[in-house]
Amino acid sequence: MKPFPLFFFTLAGIVLFLLTMPILNMLTASDPALLSATMQDKEVFHAISLTLRTAFRATAWGMFFGIPLAYLLARNTFPGKSIVQGLIDLPIMIPHTAMGVALLMVYGKKFILGSVFAKLGISFVGTELGISLAMAYVSLPFLVNSARDGFIAVNEGLEKTARTLGATPWQTFYKISLPLARRAIITGAIMMWARGISEFGAVVILAYHPMVAPILIWERFESYGLKYARPVASLLIIICLIVFALLRWLAQRKQEM
Amino acid sequence: MLVIKNIHVHLGDFQLQNISFSVQPGEYRIIIGPTGTGKTMLLETIAGLHRPRSGTIVLDDQDITRTPPEQRDIGIVYQEYALFPHLTVFENIAFGLVLQKINKKTRAEKVQEMATFLGIEHLLQRSQCHLSGGERQRVALARTLVMRPSVLLLDEPLSAVDSRTRDQLRAVLSRINQQLKLSIIHVTHDLSEAFVLGDTMTVMHRGKILQNGTPKTILKAPLTRLVAELLGMKNFFQATRIDEDFLQIHGLGKVPWASLEKPAWLDHNHQPQKAMKVSHCGMASSQVLRLSDKPAWLDYNHQPQKTMKVSHCGMARSQILQLSDKRVTGRPSHCLISFPDWAVEITPEQNAARYFWQDMTTVTALHSTDKQVLITLQTRENGTIHTSFSHREIQAFPIELRLGISVLTGILGKEVHILSKEQ
């Protein structure tokens with residue numbers, strides 16, 4: 001092999017090996033008996049299903065509020081646009097525990113929004129809603145950025161043409177912009193959901209209980225040690241891999257139809 | 001009829017200023033100008049996609065300046081045949097009909113009818129990834145035409161296709177114009193499109209209209225040097241009228257005044273006139289000025305006049321003033337002569353009858369491009385003439401063109417224009 005491809009293939013190979021090794025190791029090193037016992041453990045089952053559910057809810061919120069934002073960012077230039085863009089990316093940069101503390105200071109019962117919601121009978125501290133909220137905050141950038149790029153890639157001429165063919169702005173968005181950016185939005189939503197599932201820092205501060213899978217893993221590790229944390233982690237990884245592979249495949253297939 | 005009156009549009013740094021013209025039912029209007037002149041922006045303003053700061057757009061006696069695009073009854077087709085990529089050919093064409101909630105059967109009939117008219121019925125069930133450029137543009141046209149708009153706006157519809165397809169699409173466009181009796185505004189930077197398709201023409205430059213008229217009248221009498229340049233004129237000469245019969249052209253020499261074709265504005269004499277017709281282009285109806293309310297600039301002629309027809313030509317008042325100034329001047333003592341490079345012939349024989357001017361010139365520059373050879377010739381009076389020939393024409397020359405050789409050069413008389421406005 002020539003030096004150039006050799007160099008690139010070698011480095012790429014090292015990265016891939018390092019990426020897969022911990023996961024493969026964990027999956028193979030788990031004691032099968034312990035793994036099957038874990039699968040029947042009600043607490044583990046609840047934690048995983050809670051994680052998937054709350055992350056899904058966070059993603060739904062994100063799509064409802066984030067897609068219009070993404071569209072505005074794609075179609076408009078306005079003063080301070082880069083500041084807005086920076087604000088959206090902020091959760092990627094700051095430690096999520098800090099984000100959790102910040103959320104607690106706003107959504108806690110004694111604080112601004114928390115007290116308003118408390119009057120409506122909604123509490124975010126130590127509840128499922130709180131978990132979704134924390135997940136939504138830290139994972140929103142993945143959806144917004146992806147959807148924004150998707151909308152940018154939609155030729156504005158198509159939207160303009162649709163308008164002259166009798167489509168209102170709503171119809172144009174629904175029939176042209178949204179379907180054409182769908183792939184990017186779905187990718188963004190999957191990323192956001194995935195990021196939500198893996199969230200630990202912000203959730204642990206806003207809603208330690210009910211316990212999501214990442215917190216359960218941490219707790220088992222703290223209380224019982226590596227041996228008991230590992231099967232839970234393995235299980236979560238297996239489920240996530242299956243779900244995401246399935247989602248990607250579905251999105252791919254729909255696009256080609 | 002579409003009447004656009006004093007439109008001003010601002011978009012970022014760019015602006016359209018004082019745009020006025022009108023399009024009669026069935027009229028094919030070409031808007032021509034270099035890229036980046038605001039032609040697309042003008043079309044999108046007419047379609048309702050930009051809101052003008054001032055001015056009005058009136059379609060069939062209805063002010064539509066503030067009407068949203070979906071209610072305007074004006075269709076637009078872009079250069080890059082913007083088909084909806086997630087829909088089949090049929091779904092693309094039916095897009096507007098679906099929005100109108102027209103029932104399935106009527107919809108299918110209308111789509112079929114329009115597809116047959118444009119020769120694309122065999123494509124209806126296809127997704128459009130395998131369509132050629134010409135087919136895509138036909139689908140885009142069908143999608144707009146099936147809505148039966150009052151006005152069709154075309155944004156450089158022929159610039160993205162190969163030359164054979166372009167010829168076919170040109171035929172399609174004139175068929176649309178004639179058989180559907182549809183008003184068309186067609187934006188282009190291609191002169192040949194303007195002359196093949198256009199009933200009327202608007203020359204634009206940097207957001208302003210320079211001249212309105214028919215392609216023929218504008219080519220024969222460009223108002224300004226810029227218009228002449230935009231229409232492909234390459235040679236400009238200052239000229240002085242030395243007496244009744246001769247014109248001294250600086251750089252060429254003395255030519256008989258009679259050998260020049262005069263633009264319409266020069267064609268007057270000092271005899272009293274009953275009525276005077278000025279070409280009418282743009283406004284809804286030409287204005288009839290009575291002698292009693294004649295404007296100040298009309299005072300040049302002390303002979304009694306009955307009526308005088310003047311039109312605004314879609315221009316600001318000052319331009320009419322200047323146009324009429326020319327009438328006052330009548331026979332200019334100074335003027336600018338212009339002609340396009342194709343008016344120049346390099347010829348082996350003397351043929352004074354054919355040429356407005358003929359003399360020996362020296363080849364001072366030869367520049368070969370992939371399509372043609374650009375030639376610069378120097379006259380004996382130190383004037384410079386630009387011309388170009390295709391490689392095939394050069395091959396057929398009786399002599400080999402080299403730098404420094406002398407050639408007999410003629411300028412075709414009917415292609416030479418007096419440019420009025422240059423001082």
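Please read all numbers here as calculations on a predicted model, not as lab measurements. Convention: sequence-line order gives letters A, B, ...; per-chain numbering from 1.
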What's the spacing between [X] [atom1] and [Y] [atom2] if we round to 0.5 Å?
{"X": "B/Leu83", "Y": "A/Asn155", "atom1": "CG", "atom2": "CG", "answer": "10.5 Å"}
{"X": "B/Ile93", "Y": "A/Leu165", "atom1": "CD1", "atom2": "CG", "answer": "11.0 Å"}
{"X": "B/Leu87", "Y": "A/Leu180", "atom1": "CG", "atom2": "CG", "answer": "8.0 Å"}
{"X": "B/Phe95", "Y": "A/Thr161", "atom1": "CZ", "atom2": "OG1", "answer": "9.5 Å"}

Shortest non-hydrogen contact from A/Gly157 to B/Tyr78?
O-CE1, 3.7 Å
Here the pair of heavy atoms bringing A/Gly166 nearest to B/Leu99 is C-CD1, 3.7 Å
Assess whether atom [atom1] of [X] is packed by more than 12 heavy atoms of other residues, nucleotides or ligands within 6.0 Å.
{"X": "A/Phe7", "atom1": "CZ", "answer": "no"}
{"X": "B/Asp162", "atom1": "CG", "answer": "yes"}
{"X": "A/Phe56", "atom1": "CZ", "answer": "no"}
{"X": "B/Arg206", "atom1": "CZ", "answer": "no"}
{"X": "B/Lys110", "atom1": "NZ", "answer": "no"}
{"X": "A/Phe78", "atom1": "CZ", "answer": "yes"}
{"X": "A/Leu11", "atom1": "CG", "answer": "yes"}
{"X": "B/Glu109", "atom1": "CD", "answer": "yes"}

Region of B/Val146 that comes under 4.5 Å of a non-hydrogen atom in chain A
neither
B/Phe84 versus chain A, heavy atoms under 4.5 Å apart: side chain, backbone, both or neither?
both
Does any non-hydrogen side-chain atom of B/Glu70 lie less than 4.5 Å from one of A/Thr172?
no
Any A/Arg163 side-chain heavy atom under 4.5 Å of B/Leu49 side chain:
yes
Given the options B/Glu44, B/Met147, B/His86, which has more heavy-atom pairs under 4.5 Å with chain A than any of the others?
B/His86
